[in-house]
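What follows is a short report on a single structure.
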Amino acid sequence: MACTYSILTQGIYSNFCLIDSNEDRCKGEMLDLQHGAPFLRSPKIESGSDIAMSEGSRIVIITAGVRSLVGETRLQLVDRNVKIFKDLIPKIAKGSPDCILLIISNPVDVLTYISWKLSGFPKNRVIGSGTNLDSMRFRVLLAQKLGLSPESVHGFIIGEHGDSSVPVWSGVNVAGVTLKELNPTIGTEQDTENFVRLHADVVNSAYEVIKLKGYTSWALGLSVASISHTLLNNTNKIHAVSTLIQGHHGIEEEVFLSLPCVMADNGVTHIINQNLTPDEAEKLRKSAATISQIQKGLL
Ligand SMILES: NC(=O)C1=CN([C@@H]2O[C@H](COP(=O)(O)OP(=O)(O)OC[C@H]3O[C@@H](n4cnc5c(N)ncnc54)[C@H](O)[C@@H]3O)[C@@H](O)[C@H]2O)C=CC1
Ligand SMILES: CC(=O)C(=O)O
């Protein structure tokens, strides 16, 4: 609902089909939104529990499944959510054969891989929301530390949307000034300015919000709205999203992880080849090995 609300209120798209196995909850959400239609350019919103209602969709955003309880990692959800995806993805692929699949449910990297396999879609049209959210969290924390607007602080978190994510300290910059040039120890334990703490805070963000309010929603909704805007308007904007990264940075496994991607109306068009340090690339390869291990035997 946070994705829907963000897309609707920003005027990005106005034709929605909300599907949930809990039909009443979904209808309640639909009615509540419809009552706001005069403020929302009179959108068309339907709801139901039958996936066939979504036939012919341009983008299918999948958030179905269980979420983490307090202290539970995203990877611990894998078996329960893969089961749901095995049922859903073939039906969606049949009903909306030309759609872009935008996966949100966790563990998002594994479920994006599973969706790619089960849909038979080309890799560019199967995308996980990945570390677009983590990168926003990173920029917000960096901006708070530097006393700047997050829009003026640039940096990426890549790899797993989860505990093994990788901060690209070598590329963090403000107006083209790379912070690593000013502070060569940035992102290491030797750094007296303790920037390394910010990545730990990014990794801990979801755990903290879940402990406080039970789930995360708004930032993810805004992140998905931003990705949707790019896809629907063919803008070639770069987002860190989960895509097939085999062959990049020495990764041999068939895994989906986040790297900065150029995105347009047919999904991911290019992966940006960042000039990672050997340490950053090694951490990414470790992340890939972890995910690959988890994927074994799922299909
Ligand atoms: N990638 C990211 O950054 C984020 C991912 N998530 C993930 O999104 C997922 C959903 O989280 P919430 O929305 O907080 O959970 P929620 O419990 O509020 O919603 C999940 C919905 O899925 C529905 N559902 C379950 N099985 C279904 C099926 N087979 N068909 C249709 N609907 C089905 C449930 O009825 C429920 O309404 C979780 O896996 C969570 O970890 C949540 C926030 C951020
Ligand atoms: C739940 C989750 O994956 C997040 O908020 O990052």
Side-chain angles (χ1 to χ4, degrees), residues 1-6 17-30 32 47-54 60-92 95 101-115 118 127-138 140-141 157 159-165 199-228 239-243 256-258 291:
M1 291 316 300
C3 299
T4 307
Y5 191 73
S6 297
C17 179
L18 307 175
I19 312 253
D20 198 299
S21 50
N22 183 341
E23 199 168 332
D24 282 351
R25 179 183 179 190
C26 199
K27 188 174 177 188
E29 295 284 13
M30 176 200 68
D32 204 7
S47 77
S49 57
D50 184 0
I51 201 74
M53 290 178 69
S54 70
V60 179
I61 302 172
I62 308 182
T63 64
V66 289
R67 63 188 184 202
S68 304
L69 301 175
V70 176
E72 199 175 21
T73 70
R74 297 170 180 87
L75 293 174
Q76 285 174 288
L77 307 174
V78 70
D79 291 329
R80 285 166 284 169
N81 285 345
V82 164
K83 196 164 170 246
I84 291 172
F85 272 54
K86 279 185 176 170
D87 174 53
L88 282 181
I89 299 294
K91 292 178 188 161
I92 294 170
L101 288 173
L102 181 50
I103 312 301
I104 317 299
S105 312
N106 277 316
V108 65
D109 302 296
V110 177
L111 292 177
T112 308
Y113 164 81
I114 296 283
S115 303
L118 293 174
I127 303 164
S129 59
T131 59
N132 197 52
L133 172 59
D134 313 57
S135 299
M136 297 309 127
R137 287 172 172 156
F138 190 43
V140 168
L141 293 169
I157 302 277
E160 184 199 352
H161 171 62
D163 298 350
S164 72
S165 70
H199 177 241
D201 288 349
V202 169
V203 171
N204 198 37
S205 298
Y207 293 118
E208 188 185 5
V209 176
I210 289 169
K211 196 165 81 185
L212 293 167
K213 69 172 235 188
Y215 56 94
T216 63
S217 54
W218 299 120
L220 181 273
L222 290 163
S223 163
V224 169
S226 166
I227 294 170
S228 303
H239 299 264
V241 287
S242 197
T243 191
F256 279 64
L257 285 177
S258 289
I291 296 296

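Counting starts at 1 for both ligands and their atoms, following the listed order.
Contacts of Val209 with ligand 2, taken as heavy-atom pairs under 4.0 Å, are absent altogether. Counting heavy atoms under 4.0 Å from ligand 2, residue Asn106 touches it through the side chain alone. In Ser129, the part holding a heavy atom less than 4.0 Å from any atom of ligand 1 is the side chain. The proximity of Leu133 to ligand 1, defined as any non-hydrogen pair under 4.0 Å, is limited to the side chain. When heavy-atom distances to ligand 1 are checked against a 4.0 Å cut-off, Ile104 comes that close through both its backbone and its side chain.
Atoms of ligand 1 lying under 4.0 Å from any heavy atom of Thr216, numbered from 1 in the order shown and given with element: 43 (C), 44 (C). Atoms of ligand 2 lying under 4.0 Å from any heavy atom of Thr216, numbered from 1 in the order shown and given with element: 1 (C), 2 (C), 4 (C), 5 (O). The Arg137 neighbourhood of ligand 2 comprises atoms 4 (C), 5 (O), 6 (O), with distances under 4.0 Å to a heavy atom of that residue. Here is the list of ligand 1 atoms found below 4.0 Å of a heavy atom in Ile84: 26 (N), 28 (C), 29 (N). Within ligand 1, counting atoms from 1 as listed, the ones closer than 4.0 Å to a heavy atom of Ala64 are 22 (O), 27 (C), 32 (N), 33 (C).
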Report task. Dump the intermediate steps for side chain to side chain contact (heavy atoms under 4.5 Å, CB included) on Ile89 and Ile62, then the final yes or no. Result -> CA-CA 9 Å; Ile89 299 294; Ile62 308 182; 3.5 Å; yes
Query raised in the report: Step by step, would you call Ile114 with Val110 a side chain to side chain contact (heavy atoms under 4.5 Å, CB included)?
Result: CA-CA 6 Å; Ile114 296 283; Val110 177; 4.3 Å; yes
Report task. Test Val66 against Asn81 for side chain to side chain contact (heavy atoms under 4.5 Å, CB included), laying out the working first. Result -> CA-CA 7 Å; Val66 289; Asn81 285 345; 3.3 Å; yes
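Contact between Ala64 and Leu88 at its shortest, heavy atoms only, is CB-CD1, 3.9 Å. Heavy atoms only, all atoms of each residue included: Pro107 and Leu75 are closest at CB-CD2, 3.8 Å. Closest approach of Glu160 to Thr131, counting heavy atoms only: O-CG2, 3.6 Å.
The protein heavy atom nearest to atom 8 (O) of ligand 1 is Ser105 CA, 3.7 Å. Of the protein's heavy atoms, Arg25 NH1, 3.9 Å lies nearest to atom 19 (O) of ligand 1. Here the protein heavy atom with the shortest distance to atom 10 (C) of ligand 1 is Thr63 O, 3.0 Å. Here the heavy atom of the protein found nearest to atom 37 (O) of ligand 1 is Asp20 OD2, 2.6 Å. In terms of protein heavy-atom proximity, atom 32 (N) of ligand 1 is nearest to Ser21 N, 3.1 Å. Of the protein's non-hydrogen atoms, Leu220 CG, 3.4 Å is the one closest to atom 44 (C) of ligand 1.
A donor-acceptor contact shorter than 3.5 Å is absent between the side chain of Ser68 and the backbone of Leu77. In this structure a side-chain-to-backbone donor-acceptor pair under 3.5 Å is present from Ser228 to Val224.
The residue from Asn22, Asn106, Asn81, Val66 that puts a heavy atom closest to atom 41 (O) of ligand 1 is Asn106. Among Lys91, His161, Arg67, Arg74, the residue whose heavy atom lies closest to atom 11 (O) of ligand 1 is Arg67.
At a distance under 4.0 Å, no protein heavy atom can be found next to atom 13 (O) of ligand 1.
By the 3.5 Å distance cut-off applied to N or O atoms, Val108 is not counted among the residues near ligand 1. Taking only nitrogen or oxygen atoms, main chain and side chain alike, Gly65 reaches within less than 3.5 Å of ligand 1.
Counted by atom type alone, Ser165 and His199 present one or more donor-acceptor pairs between their side chains at under 3.5 Å. Judged by distance alone, the side chains of Asp134 and His161 do bring a donor and an acceptor atom under 3.5 Å apart.
For Tyr207, the OH atom sits in a packed shell: over 12 heavy atoms of surrounding residues, nucleotides or ligands are nearer than 6.0 Å. Within 6.0 Å of CG in Asn22 there are more than 12 heavy atoms belonging to other residues, nucleotides or ligands.
Between Leu220 and ligand 2 there is no heavy-atom distance shorter than 4.0 Å. Using a 4.0 Å heavy-atom cutoff, Arg67 is absent from the residues neighbouring ligand 2.
The existence of a salt bridge linking Arg137 and Glu208 is excluded, since no basic side-chain nitrogen approaches an acidic carboxylate oxygen closer than 4.0 Å.
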